[in-house]
Novice: 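If you scroll down you'll find the structure; I have some questions about it.
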Amino acid sequence: MLLPGHDADAVQAAARGLADGELLGLPTETVYGLAARADRDEAVAKIFAAKGRPSDHPLIVHVLDAAGAEPFADHLPAAARRLMEAFWPGPLTVIVPRARGVASSAAGGQATVALRAPAHPVARAVLAAALELGVLGVAAPSANRFGRVSPTRAAHVVEEFGPGLLVLDGGACEVGIESSIVDCSRERPALLRPGLIGRARIEAALGEPLVAPNAQAPKASGTLAAHYAPAARLRLLDADRLALLLATGAASAGLEGVAVYSRAQPPAGLAWKWQAQPGDPAAAAHELFAVLRALDAAGAREIWVEAPPRDPAWDGVRDRLSRAAAAFTE
């Protein structure tokens, strides 16, 4: 059931559903989430079952603010507090030591928990209303089948799970890719997943450089090698390789069903369908998943994507495309 997210009655209905242990399609500024109360393992289990997600792959717990994070944390390290002050509410997740006996399922059984305070007004209204009903926080991974393209519009969620799921329509997601994730559970903070908030801004807020994650880093959402994949095979290509393959394919009449997502328009006749890729990383992030879904819906058999620039501002977009391409073998 699709309801307007800015309607007060719809927000209350969503909060009551969460309090009762039901699932909810929840808009955030990053992507739409498949939400359940994080403080009940039986409710969280419904997320894993609906998505087909392994139960040891942790979820992000959404809270209103730093005070709301405290019940889930054994303690909040100084680095986590600095990031909360700088970027909450917003598209940044911190991983901290988990309070014993709380949100074990949402954390995938780990001794750490991932926490975020979303900025979307509908998400915040639902969190506030649910808190009044005793819901301490909401686990909400992307509202799609595991490993597939994330949803950035309410209609995408309905496409994934059908009309039986209550979905609040909060419009198109402003950011369009998932949050940056920083592990603050160990001695030095590490960037586990890039997002709109880049490394330079995170390091400036921390007052120290981020370290590279190692084998001891906790598992985190969206960090599997293959993820975010459309149904059509996605190939990530530099501009020269893309041009060569288009020319070769055109010569052999082998480009039927090949969609191209690139900054430069291919010469006439060298692509079955072309979608312009924005030259601005925030604009590209905003539309990325919606474009992949649209090309799938159009019947593309392959999607050839021009690789983003190597500029750090593009790290989040490049990360999602690299993982999407990794879902397909040559």
Side-chain angles (χ1 to χ4, degrees), residues 30-32 51-54 57 141-153 155-161 173 176-178 193-195 221-279 281 283-310 314-330:
T30 56
V31 301
Y32 275 73
K51 284 177 62 72
R53 181 186 179 111
H57 198 57
S142 57
N144 54 275
R145 306 292 177 178
F146 184 63
R148 310 306 292 180
V149 178
S150 300
T152 55
R153 298 174 184 171
H156 297 162
V157 184
V158 176
E159 290 170 6
E160 292 282 338
F161 298 107
C173 298
I177 60 173
E178 296 81 357
R193 181 176 72 184
S221 292
T223 55
L224 295 178
H227 215 68
Y228 313 110
R233 180 191 186 200
L234 189 146
R235 302 183 69 179
L236 188 58
L237 306 160
D238 64 42
D240 290 342
R241 177 67 172 161
L242 175 60
L244 176 62
L245 288 178
L246 285 171
T248 303
S252 63
L255 293 178
E256 181 65 28
V258 174
V260 175
Y261 184 44
S262 61
R263 293 182 293 284
Q265 183 172 4
L270 292 195
W272 170 75
K273 182 180 287 293
W274 174 68
Q275 175 72 40
Q277 184 185 111
H286 171 74
E287 73 169 35
L288 175 61
F289 292 142
V291 166
L292 296 182
R293 283 179 171 270
L295 294 176
D296 264 345
R301 63 178 176 85
E302 293 198 7
I303 303 172
W304 295 1
V305 181
E306 181 181 352
R310 298 306 303 179
W314 287 86
D315 283 353
V317 173
R318 187 183 310 103
D319 173 83
R320 304 314 187 271
L321 286 170
S322 297
R323 295 180 194 277
F328 306 92
T329 56
E330 290 293 335

Novice: For Gln265, give me all partners under side chain to side chain contact (heavy atoms under 4.5 Å, CB included), at least two apart in sequence or on another chain.
Specialist: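 For Gln265, the residues satisfying side chain to side chain contact (heavy atoms under 4.5 Å, CB included) (neighbours in sequence not counted) are Trp274.
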Novice: Tell me if the aromatic rings of His156 and Phe289 count as close, with their centers under 6.0 Å from one another.
Specialist: no
Novice: State which residue, out of Arg235, Arg318, Arg263, fulfils the salt bridge (Lys or Arg N to Asp or Glu O under 4.0 Å) condition with Glu306.
Specialist: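 Only match with Glu306 under salt bridge (Lys or Arg N to Asp or Glu O under 4.0 Å): Arg263.
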Novice: Quick one: does Asp296's side chain have a donor or acceptor within less than 3.5 Å of a partner on Ala231's backbone?
Specialist: yes
Novice: If I take atom OH from residue Tyr228 and atom CG from residue Leu288, how far apart are they, to the nearest 0.5 angstrom?
Specialist: 10.5 Å
Novice: Report the distance from atom CD1 of Ile303 to atom CG of Leu295, rounding to the nearest 0.5 Å.
Specialist: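 These two atoms lie 5.0 Å from each other.
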Novice: Rounded to the nearest 0.5 Å, how far does NZ of Lys273 lie from CG of Leu255?
Specialist: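 The distance works out to 14.5 Å.
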Novice: Determine yes or no for a side-chain-to-main-chain donor-acceptor pair under 3.5 angstrom, with Arg320 supplying the side chain and Glu178 the backbone.
Specialist: yes
Novice: Can you confirm whether Leu234 sits close enough to Val305 that some side-chain heavy atom of one is under 4.5 Å from a side-chain heavy atom of the other?
Specialist: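 Side-chain contact under 4.5 Å: yes.
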Novice: Between Arg148 and Pro230, is there a donor-acceptor pair closer than 3.5 Å when you use the side chain of the first and the backbone of the second?
Specialist: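 Indeed, once roles are kept as given, a pair shorter than 3.5 Å links the two residues.
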Novice: Is a side-chain donor or acceptor of Arg193 paired with a backbone partner of Ser221 at a separation under 3.5 angstrom?
Specialist: yes
Novice: Quick one: CD1 on Ile177 to OG on Ser142, what's the gap to the nearest 0.5 Å?
Specialist: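 Answer for the CD1-OG pair, Ile177 versus Ser142, is 12.5 Å.
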Novice: Not counting sequence neighbours, which residues clear side chain to side chain contact (heavy atoms under 4.5 Å, CB included) with Glu160? List them please.
Specialist: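 Asn144, Arg145, Arg293.
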